[in-house]
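Labels below follow one simple rule: chain letters A, B, ... track the order of the sequence lines, proteins then strands, and each chain is numbered from 1.
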Amino acid sequence: MIHITLPDNSVKNYEAGVTAFTIASDISEGLARNVLAAKVNGEVWDANRPIFNDASVQLLTWNDEDGKAAMWHSSAHLMAEAIELLYPGAKFGIGPDIENGFYYDIDFGSHDISDKDFGKIEQKMLELAREKQEFTRKDISKKDALDYFTKKGDEYKLELISELEDGEITLYESGHFTDLCRGPHIPNTGVIKAIKLLKVAGAYWRGDEKRKQLTRIYGITFPKKKELDEYLVLLEEAKKRDHRVLGKELELFTFSQQVGSGLPLWLPKGAQLREKLEQYLKQVQKDAGYESVITPHIGNVNLYKTSGHFQKYGAESFRPITTPVEGEEFFLKPMNCPHHCEIFNYKPHSYKELPIRLAEFGTVYRYEQSGELHGLTRVRGFTQDDAHIFCMPDQIKSEFNGVIDIIQQIFTALEFNDVLIQISLRDPKTPEKYIGTVENWEKAERAIIEVAEERGLNAKIEYGEAAFYGPKMDFMVKDAIGRKWQLGTIQVDYNLPDRFDLTYIGADNEKHRPVMIHRAPFGSMERFVAVLIEHCAGNFPLWLTPDQVIVLPISEKYQDYAEKVLSLLKKHEIRGLIDDRSEKTGRKIRDAEMKKIPYMLIVGEKEESDEMLSVRKHGGEDLGAMNIGEFAQLINDEVKASMQKK
RNA sequence: GCCAGUAUAGCUCAGUUGGCCAGAGCAGCUGAUUUGUAAUCAGCUGGUCGGGGGUUCGAAUCCCUCUACUGGCUCCA
């Protein structure tokens, strides 16, 4: 007999070898039908894997993340099985579950797969799912595993197995398909009722650009058809808040094939929005002791040779600009830091001056790979809200804290609540990838980790994600369809100060090396605006939105009054426009709604004679009539309220 | 850069297996209408069918190539 402890702390006795499925059956038939996997002593197991010792068991269903994962991982096997039947000879790489669904990397040989083949594969999968194929776990020796996949001729699995230890290798068999797999899986394929293959893409084997590209097929499955339909509607809805769609609709930015790929053109309304953001951050930075500097868009190649950027990025950049002088070359700046280092260097500094914080909205140019470009989130010319802090080593922590204050203030003001924080450190296995001494790296990494701990930040540490010149802390936000984008960044740099031989005179009258902190709270104006658009679905906060109000005269007769209203509002720092078209009010309201203008001010005979406005909020709320002063007060209070939140 | 797609008017899209001067709605322009909380009516303008090359009696439609865009991979703010 063994003791099974359930989440409610009740303990049940079972014969050794009991499965989670049996335990579920004991509780209720419905639960047995819905159980997908089980957490056994904290580890996710198959629902039909025998338990031989005392254990705490939590049954997992579709409502648990781990339950979904088991289902999607099993769906990847199901897809592989269907593909093996439809395309004999296909070889399989890896097929994990992901945040929303699963994928499988497959080598189809000479066969080309496109989304036109999805229907056929989905059909086959459904067919196989209905067979209620059971997933069977088998422990296997390394030798037998190698034999099996050698016979099958799957070099990808062989490579994976060769890296595993004997004794930890398991296979899972379902229907006609056997896969190298650690599990866990759902009891049988019967629970998979709705299947949708979503996209096909090339993916390098093991993520290595130099290795073969396999065909990756993404898909998602659900236990109910209705849930699939709801998911697809959700995806459609998300597409409507795509910044590229809204950017066009709201006339914020555009691109031109003539100007070039990845080079955004900011339209008047977009520029207005961006300027508001810049003004806001400039004020915050001024208050925090930053000084503005301005540097050119190009720099001599030697500058980047000194900084190391040329060696690192030269080959993948825009090519150097030549001049009439033989051998003279300039580079479009890919970073602002070298220029700022030279600003620091223009005169000797005393320790009493530090920290020196140099800020610039600096436009940089990077020749991103063509396939990387993406709306405003990934472009070739962009403006960083950059600043470099030159400080003494013992000031790092307080400076780091100051920067996090600014970043958090911004994210709070714009209501970015779901921010992921990542600390990127060296990959200890490849020290040759980084420049700078081990000692300095350790110092910097320790400072970042300490700050995060002291502030209680929920930060995730990633090894091998650091920049080549130093460790960093990044702030990431998801876009409309769940892709993560890095916005704010803080990077410690012990390297550039060395390369540029930056020094300050200490209290001991000796030269010392300052530490440099790179930081950009927005990251770049382009990416930040893109993510902001998606975050608020184009309904910008009142203080930021290009047009705060639109005056809608009922007819031409009230045009003069409309103009009077607008000019009075302008005196209260309220910006907007008049819809003076010869259209009905209903039409003007509709168009203003589409433009997502926060306040519509309807003026007709009644309003004119009483010096009033009829106020309608975006979305339909009728605030009734009020006079111009009252309305101005309302707007300015709302703006002030959001500013205070900052 | 790689894999797979897409490219028709300012925007969103039709254009059947290659066959009459390439269509619609919205936007724009002109006129009528003077309007009260999500689309007033009529007329008109607007397209080298992304660029180039080819196959064909004939190409928006088939093939090649370049460019841009989309979804991934790799990379990155």
Task: Parallel, tilted or perpendicular, as decided by the 30° and 60° cut-offs, for the rings of A:H374 and A:W485 - done: tilted
Task: Side chain of A:Q384 - closest among B:G1, B:A77, B:U34 - done: B:A77
Open item on the list: Can you measure A:D427 atom CG to B:C75 atom P for me and round it to whole angstrom units?
Closed with: 12 Å
TODO: Test A:F92 against every option in A:Y104, A:Y156, A:F108 by the ring-ring contact (aromatic ring centres under 6.0 Å, His included) rule and name the one that passes.
DONE: A:Y104
TODO: Kindly indicate whether a cation-pi arrangement holds for A:R380 with A:Y367, taking the cut-offs as under 6.0 Å to the six-membered ring centre and within 45° of the axis.
DONE: yes
Open item on the list: Need one value for A:R366: base, sugar-phosphate or nothing, where a base atom within 4.0 Å counts as base even if backbone is also close, heavy atoms only.
Closed with: base
N/O to N/O distances under 3.5 Å, protein versus nucleotides 61-66 of chain B:
none

TODO: Remember a base hit wins even if backbone is also touched, and classify A:G488 as base, sugar-phosphate or nothing at under 4.0 Å, heavy atoms.
DONE: nothing
Open item on the list: Using a heavy-atom cut-off of 4.0 Å across all strands, would you classify A:G624 as base, sugar-phosphate, or nothing?
Closed with: nothing
- [ ] May I ask you to say what A:V364 touches in the nucleic acid, namely base, sugar-phosphate or nothing, with a heavy-atom cut-off under 4.0 Å?
- [x] nothing
Task: Nucleotide B:C75, atom P - distance to CZ of A:F382 in whole Å - done: 17 Å
Task: C1' spacing across the pair B:U70 / B:A32, given as an integer number of angstrom - done: 44 Å
TODO: Round to the nearest Å and state the distance from A:L373 atom CG to B:U70 atom C1'.
DONE: 12 Å
- [ ] Return each pair, listed once, that meets side-chain hydrogen bond (donor to acceptor under 3.5 Å, both in side chains) where at least one residue sits in residues 526-536 of chain A; pairs must be two or more places apart or across chains.
- [x] A:H243-A:E534, A:R274-A:E526
Task: Donor/acceptor link under 3.5 angstrom from A:E251 side chain onto base of B:G10 - done: no
TODO: Kindly indicate whether the side chain of A:S555 and the base of B:G36 share any N or O donor-acceptor pair separated by less than 3.5 Å?
DONE: no
Open item on the list: Ring centres under 6.0 Å, that's the criterion: do A:F382 and A:F528 meet it?
Closed with: no
Task: Nucleotide B:C75, atom C1' - distance to CD of A:E368 in whole Å - done: 7 Å
Is there any protein nitrogen or oxygen under 3.5 Å from a nitrogen or oxygen in nucleotides 3-6 of chain B, and what are the pairs?
from: B:C3; atom 1: O4'; to: A:Q213; atom 2: OE1; distance (Å): 2.7
from: B:C3; atom 1: O2; to: A:G202; atom 2: N; distance (Å): 3.1
from: B:A4; atom 1: OP1; to: A:D112; atom 2: OD1; distance (Å): 3.4

Task: Residue met sooner reading RNA chain B from 5', once A:I554 and A:S261 are mapped to nucleotides - done: A:I554
Task: Separation of B:U33 P from A:K557 NZ (nearest whole Å) - done: 13 Å
TODO: Under 4.0 Å between any heavy atoms, over every strand shown, what does A:K588 touch: base, sugar-phosphate, or nothing? Just pick one.
DONE: nothing
Task: B:U61 and B:G19, which share atom name P, separated by this distance in whole Å - done: 10 Å
- [ ] Go ahead and write out RNA chain B as dot-bracket, 5' to 3': ( ) for pairs within the strand, [ ] for ones crossing earlier pairs, | when the partner sits on another strand, dots for unpaired; Watson-Crick or G-U wobble, both distances under 3.5 Å.
- [x] (((((((..((((.....[...)))).(((((.......))))).....(((((..]....))))))))))))....
Task: Minimum side-chain heavy-atom gap A:N627-A:D610 below 4.5 Å - done: no
- [ ] Give a yes or no on whether A:Y463 atom OH has more than 12 heavy-atom contacts from other residues, nucleotides or ligands under 6.0 Å away.
- [x] no
TODO: Would you indicate which nucleotide in B:A77, B:A68, B:G72 comes nearest to any side-chain atom of A:K199?
DONE: B:G72
- [ ] Could you tell me the separation between the CD atom of A:E526 and the C1' atom of B:C76, rounded to a whole number of Å?
- [x] 14 Å
Task: Salt bridge flag under 4.0 Å for residues A:K240 and A:E237 - done: yes
Task: Closest non-hydrogen atom pair between A:K333 and A:T363, with its separation - done: CE-O, 3.3 Å
Open item on the list: By a 5.5 angstrom centroid cut-off and a 30 degree plane limit, is there stacking between A:Y218 and B:G72?
Closed with: no
May I have the list of side-chain donor-acceptor pairs in residues 250-263 of chain A shorter than 3.5 Å, sequence neighbours left out?
from: A:S256; atom 1: OG; to: A:Q258; atom 2: N; distance (Å): 3.0
from: A:S256; atom 1: OG; to: A:V259; atom 2: N; distance (Å): 3.0

Open item on the list: Students often get this wrong, so: under 4.0 angstrom with heavy atoms, is A:R483 touching a base, only sugar-phosphate, or nothing?
Closed with: sugar-phosphate
Task: CD/A:E159: more than 12 non-hydrogen atoms of other groups inside 6.0 Å - done: yes
TODO: Compare side-chain N and O positions of A:R380 against OP1 and OP2 of B:C76 and report whether any pair is under 4.0 Å apart.
DONE: no
TODO: Give the rounded distance in Å between these two atoms: CE of A:M626 and C1' of B:U37.
DONE: 15 Å
- [ ] Answer with base, sugar-phosphate or nothing: what part of the nucleic acid does A:E556 contact at a heavy-atom distance below 4.0 Å?
- [x] base
TODO: Could you give the distance separating B:A7 and B:C63 at their P atoms, to the nearest angstrom?
DONE: 13 Å
Task: A:I597 backbone acceptor or donor facing A:Q548 side chain under 3.5 Å - done: no
- [ ] Could you work out the separation of B:A60 and B:U16 based on their C1' atoms and round it to a whole Å?
- [x] 14 Å
TODO: Name the nucleic acid region contacted by A:E465, choosing base, sugar-phosphate or nothing; use a 4.0 angstrom heavy-atom cut-off, strictly under.
DONE: nothing
Task: Given B:A77, B:U67, B:G1, the nucleotide with the shortest approach to the side chain of A:Q369 - done: B:G1
Task: Donor-acceptor pair present, A:Y204 side chain and B:G72 base, under 3.5 Å - done: no
TODO: For residues A:I195 and A:M79, determine if any side-chain heavy atom of one lies less than 4.5 Å from a side-chain heavy atom of the other.
DONE: no
Open item on the list: Using atom C1' in both nucleotides, what's the gap between B:G58 and B:C21 to the nearest angstrom?
Closed with: 15 Å
Open item on the list: Whether A:R216 engages the ring of A:Y103 as a cation-pi pair (distance to the six-membered ring centre under 6.0 angstrom, angle to the ring normal within 45°) should be assessed.
Closed with: yes
- [ ] Please confirm whether the backbone N or O of A:T295 pairs with a side-chain atom of A:E360, one donor and one acceptor, at under 3.5 Å?
- [x] yes
Task: A:D622, nearest nucleotide to its side chain (from B:U37, B:C75, B:A68) - done: B:U37
TODO: Would you indicate what A:K472 reaches in the nucleic acid, counting non-hydrogen atoms under 4.0 angstrom: base, sugar-phosphate, or nothing?
DONE: sugar-phosphate
Task: Distance, C1' atom - from B:U45 to B:G31, rounded to whole angstrom - done: 14 Å
Open item on the list: Would you say the ring centers of A:F411 and A:F416 fall short of 6.0 Å from each other?
Closed with: yes
Task: A:I407 CD1 to B:A77 C1', straight-line distance once rounded to whole Å - done: 12 Å
Open item on the list: On RNA chain B, does the nearest nucleotide to A:H374 precede the nearest nucleotide to A:Y558 from the 5' side, or the other way round? Give the residue.
Closed with: A:Y558
- [ ] First locate atom CG of A:D591, then atom CZ of A:R581, and finally report the distance between them rounded to the nearest 0.5 Å.
- [x] 4.5 Å
Protein and nucleotides 38-46 of chain B: nitrogen or oxygen contacts under 3.5 angstrom:
from: B:A38; atom 1: N7; to: A:R616; atom 2: NH2; distance (Å): 3.1
from: B:A38; atom 1: N6; to: A:E593; atom 2: OE1; distance (Å): 3.2
from: B:A39; atom 1: N9; to: A:R590; atom 2: NE; distance (Å): 3.4
from: B:A39; atom 1: N7; to: A:R590; atom 2: NE; distance (Å): 3.4
from: B:A39; atom 1: N7; to: A:R590; atom 2: NH1; distance (Å): 3.0
from: B:A39; atom 1: N6; to: A:R590; atom 2: NH2; distance (Å): 2.6
from: B:A39; atom 1: N1; to: A:R590; atom 2: NH2; distance (Å): 3.1
from: B:U40; atom 1: OP1; to: A:E583; atom 2: OE1; distance (Å): 3.4

